[in-house]
Amino acid sequence: MSEESNPTQRTYEHLILSCIHQSSLVDAQWVHRHLHENGFDQDPFLATKLINMYSSLDLIDDARKVFDKTRKRTIYVYNALVDMYAKFGCVAYASAVFNQMAVKNVVSWSAMIACYAKNGKAFEALKLFREMMLKTEEDVGPNSVTMVSVLQACAALAALEQGKLIHGYILRNGLDTILPVISALVTMYARCGKLEVAQQVFDGMDKRDVVSWNSLISGFGAHGHGKKAIDIFKDMISCGISPSPVSFVSLLGACSHAGLVDEGRALFQAMRKEYGIIPSVEHYASMVDLLGRANKLEEAAKFIDDMRIEPGPKVWGSLLGSSRIHCNVEFAERASTKLFQLEPANAGNYVLLADTYAEAGKWDEVKRVKKLLESRGLQKVPGRSWIEVKRQIHSFVSTDEFNPQIEQLHALLCELSSEMKEKGYVPQIKVVLYDLGEEEKERIVLGHSEKLALAFGLINTSNAEPIRITKNLRLCEDCHSFTKFISKFARKEILVRDVNRFHHFRDGVCSCGDYW
DNA sequence: TTAGGGTTAG
């Protein structure tokens with residue numbers, strides 16, 4: 001690049017940055033046109049910037065066009081495109097671009113791993129990380145940024161043993177002073193059920209920012225320690241750290257899991273009045289969840305009516321979820337009517353409404369909603385549970401007939417069930433929302449994925465070792481009751497992370513206090 | 001000169 005052209009390139013860079021800043025489409029198109037007319041659109045530096053610009057304006061196709069027209073595609077142009085697809089959740093496109101790259105550096109690998117980790121593909125993230133570790137090129141060794149995404153993947157899978165290996169790598173490579181890395185470690189340990197280790201890692205930090213504190217608050221919240229989460233928040237304030245909007249989402253979530261309605265209401269008020277934070281949809285959704293779970297559905301609905309912003313799917317989703325828990329047909333209908341308009345392709349909403357009808361015995365309505373679901377070509381997400389044994393993740397679904405150990409697991413569960421029935425366990429067959437006979441229902445609940453994972457854990461872990469199970473949905477009442485019995489009967493400590501929170505079973509009691 | 005990262009959401 002010649003010297004005199006530098007200012008012009010820089011001018012265009014500033015113009016593009018200003019379009020991003022003001023998110024102005026008209027200006028963006030104007031700048032792009034000028035750039036083209038002056039022959040700057042083949043400059044790879046500016047092409048990268050243009051991709052970023054269109055990406056920030058949510059214009060994927062325009063960004064792609066810039067890429068396609070750029071003849072000199074540097075290591076930077078490709079990375080910008082991978083990152084854009086990652087941002088929009090287009091994992092297949094991102095990986096296609098990544099695979100096309102002849103030269104990949106640490107940023108390329110990190111961007112692709114982050115893409116998988118952020119878009120619910122944690123297995124793929126770990127797989128790609130292992131591949132990256134086998135590369136010998138100088139510029140491909142993982143760094144702190146890579147570690148953060150890998151830790152997120154471990155957290156998503158509750159892969160504690162893998163996470164510990166990564167922790168070791170972080171210590172050996174001196175990455176343990178970098179704030180994002182430590183915050184990700186705190187979250188990883190908390191989400192893998194090791195709250196005490198999360199606390200130790202946090203205690204060992206010499207410097208903490210608001211995100212480090214938020215990580216700890218949400219960790220305690222997810223484990224049901226609402227009061228402790230509030231205490232941590234108070235400690236943070238007394239250390240002179242200002243709370244962020246996320247601090248309050250975490251706190252309200254913590255109150256919700258622990259049923260701390262009054263504390264939650266007070267925090268919501270304080271957020272505005274004392275800390276000047278304007279509540280966003282996430283805060284409203286958390287409040288609706290807090291009230292709804294506590295069976296204050298009227299108040300939750302009124303809270304929505306009084307909102308100063310448009311409620312949106314998260315808020316209505318919270319109301320629907322609570323209505324399902326408390327089997328309230330009226331509010332479930334109200335929320336789902338809105339949700340079917342706002343997010344017609346979300347199968348979960350149809351399932352929640354159908355389940356509410358089923359529990360209320362309204363079988364004609366159940367049929368109607370299931371038909372609606374089918375007519376829209378949607379499918380219910382199957383329940384899945386998994387468990388890590390010797391660094392291997394074993395995954396279970398209730399209908400898994402290909403699992404080589406399935407016969408053994410079923411036999412063990414039948415044996416345990418009949419023995420526990422003598423000690424007072426009563427199968428909660430009402431959770432089976434089909435018009436079936438009692439025996440059939442009992443057979444179905446005994447085949448739930450969480451119980452298969454539990455049986456697998458009983459066979460494959462030592463006596464002293466706790467069992468850690470992760471589940472993609474909310475824990476059902478029968479699995480909850482069954483696991484409580486097992487924890488006493490088999491004298492086993494069992495940790496289950498469901499989609500919302502942790503259940504810590506010990507000696508026949510669960511840490512959630514049967515409120516979840 | 002450019003690119004990748006931490007906390008929340010049910």
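Keep in mind that this is a model prediction, so the values were computed, not measured. Protein chains get the first letters and strands the later ones, always in sequence-line order, with residue 1 at the start of each.
When heavy atoms are screened at a 4.0 angstrom cut-off, A/L251 is found touching no nucleic acid atom at all. Heavy atoms of A/V106 sit under 4.0 angstrom from at least one base atom. Looking at heavy-atom distances under 4.0 Å, A/S212 makes contact with a base. As judged by a 4.0 angstrom heavy-atom cut-off over every strand, A/S144 is placed among the base-contacting residues.
Remark: ring of A/F45 does not overlap the six-membered base ring of B/dT2 in a stacked fashion, as centroids less than 5.5 Å apart with planes less than 30° apart are not both met.
When rounded to the nearest whole Å, the span between CZ of A/R293 and C1' of B/dA9 equals 11 Å. Between the C1' atom of B/dG6 and the CE atom of A/M205 lies a distance of 9 Å, rounded to the nearest Å. For the pair A/L50 CG and B/dA3 C1', the interatomic distance rounds to 15 Å; values are reported in whole Å. When rounded to the nearest whole Å, the span between CH2 of A/W109 and C1' of B/dG4 equals 14 Å. If you take CG of A/L342 and P of B/dA9, they are 21 Å apart, rounded to a whole angstrom. In this structure, A/L15 atom CG and B/dT1 atom P are separated by 21 Å, rounded to whole Å. Rounded to whole Å, atom C1' of B/dG10 lies 16 Å from atom NE2 of A/H283. Separating the CD1 atom of A/I178 from the P atom of B/dG6 is a distance of 14 Å, rounded to the nearest angstrom.
Between A/K118 and B/dG6 there is a side-chain polar atom (N or O) within less than 4.0 angstrom of OP1 or OP2. Between A/Q152 and B/dG5 there is no side-chain N or O to OP1 or OP2 distance below 4.0 Å. Between A/Q9 and the phosphate of B/dT2, there is no side-chain N or O to OP1/OP2 separation shorter than 4.0 Å.
With hydrogens and angles ignored, no donor-acceptor pair closer than 3.5 Å exists between the side chain of A/S110 and the base of B/dG5. Residue A/D209 places a side-chain atom within donor-acceptor reach of the base of B/dG6, judged by atom type and a 3.5 Å distance cut-off alone. Side chain A/N143 to base B/dG4: a donor-acceptor pair is found below 3.5 Å.
Under the 6.0 Å cut-off for aromatic ring centres, A/Y78 and A/F67 qualify, their centroids lying closer than that. Taking the six-membered ring wherever Trp is involved, the centroid distance between the rings of A/H32 and A/Y54 falls below 6.0 Å. A/W109 and A/F129 have their aromatic ring centers separated by at least 6.0 angstrom.
Checking B/dA3, B/dG4, B/dG10 against the side-chain heavy atoms of A/Y76 singles out B/dA3 as nearest. Side chain of A/D289, nearest nucleotide from B/dG10, B/dT1, B/dG6: B/dG10. Nearest to the side-chain atoms of A/N500 among the listed nucleotides B/dT7, B/dG10, B/dG6 stands B/dG10. In this structure, the nucleotide among B/dT7, B/dG10, B/dG4 sitting nearest to the side chain of A/V246 is B/dT7. Nearest to the side-chain atoms of A/S250 among the listed nucleotides B/dG6, B/dG4, B/dT8 stands B/dT8. For A/V249, whose side chain is taken as the heavy atoms from C-beta onward, the closest listed nucleotide among B/dT1, B/dG4, B/dA9 is B/dA9.
Applying the 6.0 Å contact sphere to OH of A/Y93 captures no more than 12 heavy atoms from other residues, nucleotides or ligands. Atom CG of A/L171 has more than 12 heavy atoms from other residues, nucleotides or ligands within 6.0 Å. The local environment of CD in A/Q269 is crowded, with over 12 non-hydrogen atoms from other residues, nucleotides or ligands closer than 6.0 Å.
Pairs of residues two or more places apart, or lying in two chains, that qualify as salt bridge (Lys or Arg N to Asp or Glu O under 4.0 Å) and include a residue from residues 192-214 of chain A are A/K194-A/E196.
Taking CZ of A/F202 as the reference point, atom CG of A/L185 lies at 13.5 Å (rounded to 0.5 Å).
At a non-hydrogen distance threshold of 4.0 Å, A/S215, A/S218 from residues 215-233 of chain A come into contact with DNA chain B. Within residues 303-332 of chain A, the residues approached by DNA chain B to less than 4.0 Å at the level of any non-hydrogen atom are A/K314, A/S318, in residue-number order.
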Would you be so kind as to tabulate the donor-acceptor pairs closer than 3.5 Å made by side chains of residues 244-260 of chain A, with sequence neighbours excluded?
unit_1	atom_1	unit_2	atom_2	d
A/S244	OG	A/N214	ND2	3.2
A/S244	OG	A/V246	N	3.3
A/S244	OG	A/S247	N	3.4
A/S244	OG	A/S247	OG	3.3
A/S247	OG	A/N214	OD1	2.8
A/S247	OG	A/S244	N	2.9
A/S247	OG	A/S244	O	3.2
A/S250	OG	A/V246	O	2.9
A/S256	OG	A/D289	OD2	2.6
A/S256	OG	A/R293	NE	3.4

For residues 222-238 of chain A, dump all side-chain donor-acceptor pairs below 3.5 Å to protein atoms at least two apart in sequence or in another chain.
unit_1	atom_1	unit_2	atom_2	d
A/H223	NE2	A/A190	O	3.0
A/S238	OG	A/K234	O	3.3
A/S238	OG	A/D235	O	2.9

Ignoring hydrogens and angles, write down the donor-acceptor pairs under 3.5 Å from the side chains of residues 101-108 of chain A, residues two or more places apart or on other chains.
unit_1	atom_1	unit_2	atom_2	d
A/N105	OD1	A/V107	N	3.0
A/N105	OD1	A/S108	N	3.0
A/N105	OD1	A/S108	OG	2.9
A/S108	OG	A/N79	OD1	3.0
A/S108	OG	A/N105	N	3.0
A/S108	OG	A/N105	O	3.4

